[in-house]
Number of protein chains: 2
Amino acid sequence: MRRPSMKELAQRLGVDRSTISRALSQDKAHLVAPETREKVRRMAIDAGYRPDLTAASLRRGRSQTIGVLVADLENETFINVIRTLIASLNVDGVPVTTPLIAETRDKPNAASRLIETFLSRRVDAIISLASTEADERALEDASREVPVILAIRTLAALNLPSALCDDREGGAMVARHLVERGHKLVCQVQGPPLATTFKLRAQGFSKICADLGVREVTKPIYTAEATPTAGKKALDLVFDCEERPTAIFAHNDAIAIGVIEALRERGLRVPEDMAVAGFNDTRLAQVLSTPLTTVAYPIREVGEHAALLFHSLIAGEKDEAGSRTFMPELIVRRSA
Amino acid sequence: MRRPSMKELAQRLGVDRSTISRALSQDKAHLVAPETREKVRRMAIDAGYRPDLTAASLRRGRSQTIGVLVADLENETFINVIRTLIASLNVDGVPVTTPLIAETRDKPNAASRLIETFLSRRVDAIISLASTEADERALEDASREVPVILAIRTLAALNLPSALCDDREGGAMVARHLVERGHKLVCQVQGPPLATTFKLRAQGFSKICADLGVREVTKPIYTAEATPTAGKKALDLVFDCEERPTAIFAHNDAIAIGVIEALRERGLRVPEDMAVAGFNDTRLAQVLSTPLTTVAYPIREVGEHAALLFHSLIAGEKDEAGSRTFMPELIVRRSA
DNA sequence: AATGCCTTGTCAATCGATTGCAATATCAAT
DNA sequence: ATTGATATTGCAATCGATTGACAAGGCATT
């Protein structure tokens, strides 16, 4: 009743295991006579044969597996990038490479432990959507054993192939928009500074403000997490400032939602009393009764480029696809 | 510069590979002399030895891997159950079992393809947080080869060990609460009927309404997805009814949020003009300026019991831990 | 008929770790 | 000194698939 191994198939058919292996493979199938090939394939199907990928991995030295590190599984943007990545992993609709997905939650040594697991399982590559400076060392070490690709977040010191969004320009877009709308004093509610994303958004935003002569509230405001709860708390800090801004750039939509709810609790209207912009163009952004002005993340591009990097790196191409940075897009809605 | 294999370690130390294997193992370490054991472990560490789990899997017939099917990676409840599940997979803080996480998005044949992949990779068990009637067959077939555990969603026909929330009672709790608050005509915005969860919530809710003499709007209202967007659309259907209810039970928080935003756009206040209750106690539920009355999902219990089932099943215990259903908890906030 | 090429298939080694069994060493008890 | 028990280590098979080397047969060319 158990499923047969390749050896058993071979016995039943009176051929060698190697013939079975080749007949069933993609690349070596031409080495076996068409009739034999068909015979083998038919028999494999109705015997319910299922190749043992652990054995194949061992022999090939390739596990057809990719380690995916993600900072936060609840974050829509990460998930959507992973989704397009996984979709691009399939060849002709057949999933050949299985992702091992693991979450770091930005905990200091989570990444290095997970990377150890990945390497023990002999992943063919690692894609990190979770890089923080704390993991720099772990990723660097890993990159000596296996291709490492960065997505969404980069690490300047490492020079690893990456698929990114132009976060600086994204921040700049928001700033320009707010300036156009006539705001004179603005404010950022920044995400936690451990990832490059938020730093770049802040830089891009501040640069434009400075260039165009718009002031930011003096004290920089950070959230501990990029969540609505944290955004809500952060609004208190905004109101602690000597001067009250007329617009807030929240570093992502989750923070923006927290900010908006907090404003509502204070009886303030968005955007009349305070304009709010977010980042990512989350699903919720469109659903809110005051639809959110935000920056659409180039999800598909980032995911697909990460997959492209993966394929080019494991194929060992010399003119490998390089790092790329994709442009986000400002989505103007009612909130700012 | 490459990392050494067990064989190379053995040569350097002048002992047999089997000794290395035993010294480094958990369960057979007592078979090797304490000094040898220490010597081996030290050498392993500073040679940077890292066991090859693909080889170990092959030989052991156990991959120390578990297939996790999840319907939706964006759903906080699923993710949180998976998180506690993964945490409970570690023994003494060491991750011994690696989860292979795959998403079905409730697409008809996604589950069976993913299960094929899992089985080819020789997972030790499969945990499905994605079961729909469409996958019944695939899960049943899988359960003949490997332990299959259901979580969150069950399949009555299959009698597989499961870790569940008492969704029926959850629905009932909401109904009782609405009755207590004096509502006479209520309405459900149901989630898609492919999963048991929503059906049970609906049944529990309706039963109590009937028992306590409260009317529901006649036409049942379903959403195509359990998302805010779908919830928003569904509100139109509610207003299409001949009579307007005074309270809405949305089958989860995401739907509830859509409903609330749609109400706001119509200029209606929650809960004064329309009470709204959700399900799951999502993070957002607490953050909203009108905090959401909802049902807290027994996340920890479900995740931990699923892990318990896994451990007991692969240990082959005869008095295996059985299916369990955990009680959710009504969280009364402002919205209803 | 001899030669060479091509097609098809077999043989056997191999990937790296695990484990049942056997072998040796050590020690105590008689 | 002999026996037996116990502790420690080595030997070699094994898990299941893949692949380089090679052999057999067929066919065409000269």
B:Ser162 side chain vs B:Leu160 backbone, donor-acceptor pair below 3.5 Å: yes
Modelled atom types, side-chain donor and acceptor of B:Thr98 and A:Arg121, under 3.5 Å: yes
Side-chain (B:Asn80) to main-chain (B:Glu76) donor-acceptor, under 3.5 angstrom: yes
Nucleotide C:dA13, atom P - distance to NZ of B:Lys7 in whole Å: 13 Å
Distance in angstrom units between B:Glu35 CD and D:dT8 P, rounded: 8 Å
Sugar-phosphate, base or nothing in reach of B:Ile20, heavy atoms under 4.0 Å: nothing
Under 4.0 angstrom between B:Ser18 side-chain N/O and D:dA12 OP1 or OP2: no
Note, A:Ser128 side chain near A:Arg153 side chain (heavy atom, < 4.5 Å): no
Rounded distance (Å) that lies between atom P of D:dA17 and atom CD of A:Gln64: 14 Å
Nearest-nucleotide comparison on DNA chain D, the residue closer to the 5′ end among B:Val15 and B:Arg60: B:Val15
A:Thr36 side-chain N/O to C:dG9 phosphate OP1/OP2 under 4.0 Å: yes
Touch class at under 4.0 angstrom, heavy-atom based, for B:Pro4 against every strand present: nothing
A:Arg59 side chain, from C-beta outward: closest of D:dC11, D:dT19, D:dC15: D:dT19
d(CG, A:Leu9; C1', D:dG16) in whole Å: 12 Å
Under-4.0 Å side-chain N/O to phosphate OP1/OP2 contact, A:Tyr49 with D:dG16: no
Nearest listed nucleotide, side chain of B:Ala33, among C:dA13, D:dT8, D:dA13: D:dT8
Base C:dT10 paired with A:Arg22 side chain (donor-acceptor, <3.5 Å): yes
Short side-chain N/O contact from A:Lys28 to OP1 or OP2 of D:dT19, under 4.0 Å: yes
Nearest-Å distance for atom pair CD/P, residues A:Gln26 and D:dA17: 17 Å
Between C:dA17 (C1') and B:Asp27 (CG): distance, integer Å: 13 Å
Atom-to-atom span, CZ of A:Arg17 to C1' of D:dC15 - whole angstrom: 11 Å
Interatomic distance, B:Leu58 CG vs D:dA17 P [rounded to whole Å]: 9 Å
Nearest listed nucleotide, side chain of B:Asp16, among C:dG9, D:dT18, D:dC11: D:dC11
Salt-bridge contact B:Asp46-B:Arg42 (side-chain N to carboxylate O under 4.0 Å): no
Touch class at under 4.0 angstrom, heavy-atom based, for A:Thr19 against every strand present: base
Nearest-nucleotide pick for B:Ser5, side chain only, options being C:dA17, C:dT8, D:dA17: C:dA17
Charged N-O contact under 4.0 Å between A:Glu301 and A:Arg324: no
